[in-house]
Amino acid sequence: MKYDFSAIEKKWQQRWDEDRSFAATDDYTKPKYYALVEFPYPSGQGLHVGHPRSYTALDIVARKRRMQGYNVLYPMGWDAFGLPAENYAIKNHVHPAEFTRKNIAHFKAQLRSLGLSFDWEREINTTDPEYYKWTQWIFLQLFKKGLAYKKEMSVNWCTSCKCVLANEEVVEGVCERCHSPVVRRDKSQWMLKITEYAQRLIDDLDGLDYIERVKIQQKNWIGRSTGAEVTFGSTAGEDIVVFTTRPDTLFGATYMVLSPEHELVKKWMPLLRNQEEVKAYQQAAAAKSDLERTELNKDKTGVRLDGVRGINPVNGTEIPIFISDYVLATYGTGAIMAVPAHDERDWEFARKFHLPIIEVVKGGNVQEAAFTDCATGVMVNSGMLDGLTVEEAKEKIIAWLSENGKGQPKVNYKLRDWVFSRQRYWGEPIPMVWCDKCGWQPLPESELPLLLPEVESYEPTDDGESPLSKITDWVNTTCPHCGGPAKRETDTMPQWAGSSWYFLRYCDPHNDKALASKEALDYWAPVDWYNGGMEHTTLHLLYSRFWHKFLYDIGVVNTPEPYAKRTSHGMILGENGEKMSKSRGNVVNPDDIIRDYGADTMRLYEMFIGDFEKTAPWSPKSIKGCKRFLDRVWSLLDKMTPEEEYSPELESAFHKLIKKVGEDVENLKFNTAIAAMMTVLNQIDEKGSVTKGELRTFITLLNPFAPHLTEEMNQQMGGETLLARAAWPQYDPEKCVAQTVEMVVQICGKIKARITVAADAGQEEVTAIAKEDPAVKAALEGKQVLKEIFVPGKLLNIVAK
RNA sequence: GCCGCUGUGGCGAAACCGGCAGACGCAAGAGACUUAAAAUCUCUCGGAGGCAACUCCGUACGGGUUCAAGUCCCGUCAGCGGCACCA
């Protein structure tokens, strides 16, 4: 009989549906397993062949866990707020919800055709008011705990989206989404205090089973550095506080630099003799986009504040003060002490402006280049620090500064607070009301969800306000506190909001009393295994860890971390090794592959394509190999004999296969698991027949990879229950070991013979057999044996002269 | 510049703790079946030499440690990803 994949796949998808085969149960007495993949943004292009790589991998894990007796939660949903739907709406004058609804239907049909074992009864959608009610609820809790605040600040402004971006969304000075230039603008924004969690976000990584590069990338992004704050005096009277990681070099400070935006510049303006020059520099700096600032970073610019001088607290020396955009307003205190002898940037600036360079750590030639090595130098020209190592000097000067009220130890982070407002329509409305009398007031929880109102036009206004600001009926409301006239916040939340807690909603998706019941959360959290893309490491992953920690702090969840294990898959590239894109014309549509080869072949190929964690180019020819394999598996039905046992020839091979496939799945080595199954198939074909017991084991192991084909074969073999419910096969470790092994005999490291010996043969026995071998005999002829190295079961190396 | 990863046949890749390099698959070549093609099956398949058994070379490059190195150490080069004036 022919392997009719389309009929078989349709049949079993329907059967699983009717049977509710993959529904997670709410029986909290069973051991649970929560497998999670990142829910997609339902774009108009439909499913990309990259999506199933992640989904199939964890589908295999989920299916295996079910067979191992776990109550498995493997859910799917839609991260459906976002710009593409809104841009489509602007262009075509349709509601973004309409466009989104269609896309979801398309995505869902595509995912179903892959036979993924999602529990569709728990499907969620971030744009559903029943869902975003709880996104808004979390925001209110953040506000109540002082972690959400509104602030007038300089923000990243995308000139095309007419919208504020988070730092994380600006890539090389352009908008991550539309690649338009990003400029700085002052705007009043809702902010979330993720910085308050910076240290915990670093510390708690230690106990987690994340792949190392994810941990490293998160730590780098948070960017912890330790040093000191030092208070300098000034001839104008005000103190200038600077942050430095090298307080030991304090005696080498020959000038100071403030960021152009620093408030002291404004204050001192009347005292300055070169006001015009200073103002011009400030304006030029503000007008620069991030990209321009980056491009110009080789050539230092700046202006001296002529009329004010700084005073070094350690020796009273007066030094000049500059403004320069190489000092960032948003990091540390926005001001630095410059030590050109021991900092490359300061050195460059000092050279350009002819400022003195004073060596305070011996070891380099500071007239040639900055000497930045902390490990070897000894302090000089530094009064009380002379003769100390850098580390000793740091300690001593910090103690001195603290005693004299001139400074203290300080830790800084590169991580900044999360800009949480977007001037767009298609997002969750921020449930806040502005009252001239009472200030910002949270909406009462009973009024949630605050629905997204209907609007005429989805475009942001030219002055950068949200389209919601045009609906006066909606904007004008009453103050929840005093009842007086008030206005609603018209900004919406960023796309990251809904995805920062979605994994919790799956635990209890239809609850209207809470984001999920306490019992459900206590049972299901944390996610046991979360797989997703590296591109989400510093955005989604960090944001959701932050929200989860907050929810832990207020008692909603009982685990401090959302995900116990995090892995990452490599991207699938086009056939030419480039990223798949419409413009390159190398896009592969999964529907075509499923139509021509079937979902099982598609799944198998995506897992066989290469190392799961690495990028892999798509190869249409290689797909055929996977189809051929499944064809050959199917034809085993004709070669089956009725015995329930393993045949003596293949018994050991099957025990090894069970072990191998099981371990490989746990270690993301799907490609070698498949290769092992192919090898055993080759052995069966060579032998010419397969016992019923062998075939049952084989299709059970293959089931998570190719679920439709194996279910059909199971039924044809007389299986009455679903293979998806079968028990995962067991192996006997003793039977994994072969009776005899082939060992290599080397003379001086060169292979001379291969001998077959009992697996447990000792050195003497093996040596005796080896020396009988003609080739070994010949090689040892007339030589004296110096040494014998014996590795049981592997090799014998005889060193002779 | 800094951090991280990678470099193995014509191609995708294997190789646990240092122990037979190239499993498995693709492509290619030869043959069988066929009127023919497709499909399927059998064999060959890193390079050089030899009729052959076999020998030598070979995991980006240059050194080193070791009985033994794709694997460990030092240095160099190339590619990919992330960050990028963070004081």
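Chain letters run A, B, ... following the sequence lines, proteins first, then strands; residues in each count from 1.
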**Asked** In B/S/- notation, 5' to 3', how is nucleotides 9-18 of chain B contacted by protein heavy atoms closer than 4.0 Å?
**Response** ---BSS-B--
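Between Phe612(A) and Phe670(A), the ring planes lie perpendicular to each other; the angle is over 60°, past the 30° to 60° tilted range. Ring planes of Phe629(A) and Phe698(A): tilted class, angle from 30 to 60°. Taking the six-membered ring for Trp and thresholds of 30 and 60 degrees, Tyr326(A) and Phe349(A) have ring planes inclined between 30 and 60 degrees apart.
Residues Arg246(A) and Thr372(A) share a closest heavy-atom pair of NH1-O, 3.7 Å. Taking every heavy atom of both residues into account, Gly332(A) and Asn412(A) meet most closely at CA-ND2, 3.6 Å.
For G9(B), the base is syn relative to its sugar; the glycosidic angle is within 90° of 0. Base orientation of C17(B): syn, the glycosidic angle falling within 90° of 0.
The shortest side-chain heavy-atom distance between Trp618(A) and Val49(A) falls under the 4.5 Å cut-off. Proximity of Tyr605(A) to Tyr597(A): side-chain heavy atoms (C-beta onward) are nowhere separated by under 4.5 Å.
Judged by distance alone, the side chain of Trp221(A) and the main-chain N or O of Thr537(A) form no donor-acceptor pair under 3.5 Å. Proximity of a side-chain donor or acceptor of Asn312(A) to a complementary backbone N or O of Leu250(A) within less than 3.5 Å is detected.
When distances run from any side-chain atom of Asn220(A) to the nucleotides C83(B), C3(B), A27(B), the shortest one goes to C3(B). For Arg632(A), the listed nucleotide lying nearest its side chain is C41(B); candidates were C41(B), C67(B), C24(B). With distances taken from any side-chain atom of Ile751(A) to the nucleotides A21(B), A87(B), G19(B), the minimum falls on A21(B).
Across all strands, Asn412(A) comes closer than 4.0 Å to no nucleic acid atom at all (heavy-atom distances). In this structure, Glu788(A) reaches neither bases nor backbone, as no heavy-atom distance under 4.0 Å exists between it and the strands shown. At a threshold of 4.0 angstrom between heavy atoms, the contacts of Ser619(A) with the nucleic acid are absent.
A close approach under 4.0 Å does occur between a side-chain nitrogen or oxygen of Tyr331(A) and OP1 or OP2 of A87(B). Dashed line: the shortest gap from a side-chain N or O of Lys787(A) to OP1 or OP2 of C67(B) is under 4.0 Å.
If you take atom P in A39(B) and the same atom in A30(B), they sit 16 Å apart, rounded to whole Å. Taking the P atom of each, C11(B) and A27(B) are spaced 15 Å apart, rounded to whole Å. Atom name P, nucleotides C17(B) and C72(B): the rounded distance is 10 Å, in whole Å. For the C1' atoms, the distance from A14(B) to U65(B) is 27 Å, rounded to whole Å. Distance noted for atom C1' between U55(B) and C74(B): 34 Å (whole Å). Nucleotides A68(B) and G19(B) are separated by 14 Å at their P atoms, to the nearest Å. The P atoms of A36(B) and C51(B) are separated by 37 Å, rounded to the nearest whole Å. Taking atom C1' in both G70(B) and A15(B), the straight-line distance is 9 Å, to the nearest Å.
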**Message:** Show me the dot-bracket string of RNA chain B, counting Watson-Crick or G-U pairs under 3.5 Å, with | for pairs to another strand and [ ] for crossing ones.
**Reply:** (((((((..(((......[....))).(((((.......))))).((((....))))..(((((..]....))))))))))))....
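Checked by distance alone, Lys300(A) brings a side-chain donor or acceptor within 3.5 Å of a matching partner on the base of C85(B).
Nucleotide G4(B) holds its C1' atom 6 Å from the CD1 atom of Ile216(A), rounded to whole Å. Look at CG on Leu258(A): it is 13 Å from C1' on A87(B), rounded to the nearest Å.
There is a side-chain donor-acceptor pair under 3.5 Å between Ser225(A) and Tyr331(A).
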